[in-house]
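The figures that follow rest on heavy atoms only: side chains count, while hydrogens, waters and symmetry mates do not.
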Amino acid sequence: MLDPLSLVRLNEAVIDDPRLQGLGMVVSLAGHADAGHVSQQVRRELLGGLESELVASFDADQLVNYRERRPHVSLAADHFTEYVAPAIELYRLTDGLGTDFLFLTGSEPDLQWERFAAAVVLLARGLNIRLTAGIGAAPLPVPHTRRIGVTVHGNRQDLRDGISTWNPSAEIPAAAAYLLEMRLDEDGRDVVGYDLHIPHYLADSEYPQAAVAALEFLGAALSLGLPTDQLREAARKVEGQIAQQVAETPEIQRMVSSFEQRFDAHVPDSEMRSLLLPPDEDIPDGDDLASAAEAFLSSQAARGSSDEGGQ
């Protein structure tokens, strides 16, 4: 295999920064099954709402199949003005509590998955990444009227147990992020992945409810305060639009009702827990979960300040 790191262009101005050592890393790559446009929304929310600095970028010309995923170019009457090239990038971000973390984002590679994964593993070694948390989304026959389901995988049992609503044993289409998770695990690095379950009838549209859930899972796993306010506002509008469409279409009502019965039979509330709560407490609704997250992260920040003061 060709040198994996030859795929990577490092920002020499920041790569030796000690602040990059020992961080957590979020992985969100937009692939063929980015149901609900979750990866796109997570990228927009994090890069648009948090302080960021580019650490490294990958050579998309070697990794992306342009015939399958055409980049966009702007035509201004008689000439082209802008070419939007695909990007796969690693950023350092700072959350709302001042905690730094890494964010690997962009187009899922179409080619050279093993080489790409090897490059990320080498970066994880060099930066001593403490935990990698990935997010994905898949369309499933589930109702929009229930909480967002999730399938959790990885080698951190404390971040898996009691969280999944469905963990099948089956052959499924692969993703570059799945291969990366396997290679990080083989390298002895902590890794967890969350695949959100998107109602299949909403999979082709932006579904902000799922992006909120994605950021909640990632924030809880990595002890980060991630922004969700704009997504929550968008989710309220989408909920109203969906409710109106369902009310006007008896066929959709019957479909959703069938999905609700199947979901309730398969995933009783009593079997679920939250990453933010002890096992014997009930799972909260969305607003309660946001409040719990804020309280949890504030306590973590306070404890960190106390520890530093005692040294």
Side-chain angles (χ1 to χ4, degrees), residues 25-46 103-106 108 131-154 156 159-168 170 172-178 180-181 191-222 224 226-228 230-232 234-236 238-239 242 256 259-260 262-264 266-267 269 271-276 283-287 289-290 293:
M25 181 170 69
V26 169
V27 176
S28 180
L29 299 171
H32 75 287
D34 186 25
H37 299 185
V38 171
S39 292
Q40 177 181 325
Q41 293 181 83
V42 166
R43 175 188 173 93
R44 186 169 64 229
E45 196 74 5
L46 293 184
F103 182 38
L104 178 60
T105 180
E108 178 191 46
L131 170 65
T132 297
I135 199 72
L140 289 174
V142 294
H144 68 279
T145 52
R146 299 295 186 264
R147 66 184 176 275
I148 304 293
V150 64
T151 295
V152 191
H153 37 81
R156 282 286 299 272
L159 300 178
R160 293 193 328 255
D161 287 355
I163 303 299
S164 288
T165 51
W166 186 52
N167 268 108
I172 61 174
Y178 297 164
L180 175 58
E181 181 179 308
V191 62
V192 64
Y194 301 95
D195 284 332
L196 302 178
H197 305 165
I198 311 300
H200 70 82
Y201 49 93
L202 301 174
D204 292 333
S205 304
E206 283 200 359
Y207 192 47
Q209 291 88 331
V212 170
L215 291 172
E216 288 173 345
F217 282 119
L218 295 170
L222 292 165
L224 297 171
L226 302 179
T228 60
Q230 294 185 46
L231 288 170
R232 290 181 186 279
R236 282 188 281 269
V238 169
E239 285 173 0
I242 295 173
V256 172
F259 289 166
E260 288 174 339
R262 186 184 309 170
F263 185 95
D264 292 342
H266 183 71
V267 191
D269 285 343
E271 293 184 4
M272 297 301 298
R273 75 174 180 90
S274 166
L275 285 174
L276 303 173
I283 189 168
D285 61 22
D287 291 336
L289 185 56

Side chains of [X] and [Y], heavy atoms from C-beta outward: is any pair under 4.5 Å?
X	Y	value
Val26	Leu222	yes
Val27	Phe103	no
Leu159	Leu131	yes
Thr145	Val256	yes
His153	Val192	no
Pro199	Leu202	yes
Leu180	Leu104	yes

Discussion item. Between Ser28 and Ser39, is the side chain to side chain donor-acceptor pair (under 3.5 Å) condition met? List the steps.
Written reply: CA-CA 6 Å; Ser28 180; Ser39 292; 3.3 Å; yes
Worksheet item: Between Leu140 and Phe263, is a side-chain contact (heavy atoms from CB on, under 4.5 Å) present by the stated rule, with each step listed?
Response: CA-CA 11 Å; Leu140 289 174; Phe263 185 95; over 6 Å; no
Worksheet entry | Evaluation steps, side-chain contact (heavy atoms from CB on, under 4.5 Å), between Arg156 and Val191 | CA-CA 7 Å; Arg156 282 286 299 272; Val191 62; over 6 Å; no
Worksheet entry | Geometric class of the Phe259/Tyr201 ring pair [parallel <30°, tilted 30-60°, perpendicular >60°] |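 Rings of Tyr201 and Phe259: parallel, as their planes differ by under 30°.
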Discussion item. Does the plane of the ring in Tyr194 sit parallel, tilted or perpendicular to the ring in Phe217? Use 30° and 60° as the thresholds.
Written reply: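 Geometry flag for Phe217 against Tyr194: parallel rings.
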Measure the [atom1]-[atom2] distance between [X] and [Y] for me, rounded to the nearest 0.5 Å.
X	Y	atom1	atom2	result
Leu215	Ile135	CG	CD1	8.0 Å
Leu46	Leu226	CG	CG	6.0 Å
Gln209	Gln41	CD	CD	9.0 Å
His144	His200	NE2	NE2	12.0 Å
Arg44	His37	CZ	NE2	10.0 Å
Asp195	Ile172	CG	CD1	7.0 Å

Discussion item. Applying side-chain hydrogen bond (donor to acceptor under 3.5 Å, both in side chains), can you list everything that pairs with Glu45, at least two apart in sequence or on another chain?
Written reply: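 Not a single residue meets the side-chain hydrogen bond (donor to acceptor under 3.5 Å, both in side chains) criterion with Glu45.
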Hey, does the side chain of [X] reach the backbone of [Y] with a donor-acceptor pair shorter than 3.5 angstrom?
X	Y	value
Asn167	Thr151	no
Ser164	Val152	yes
Arg160	Gly154	yes

Discussion item. Check this for me, if you would: do Arg232 and Glu239 make a salt bridge, where the nitrogen-to-carboxylate-oxygen distance has to be below 4.0 angstrom?
Written reply: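 Result for this pair is no, no salt bridge flagged.
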Worksheet item: Which heavy atom of Val38 sits nearest a heavy atom of Ile198, and at what distance?
Response: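 Closest approach of Val38 to Ile198, heavy atoms only: CG2-CD1, 4.2 Å.
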Discussion item. I need the minimum non-hydrogen distance between Ala35 and Ala138, along with the two atoms involved.
Written reply: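 Answer, listing the atom of Ala35 first, then Ala138: CB-C, 3.7 Å.
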Worksheet entry | Within 6.0 angstrom of Gln230 CD, more than 12 heavy atoms from elsewhere |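 Count not over threshold, so no.
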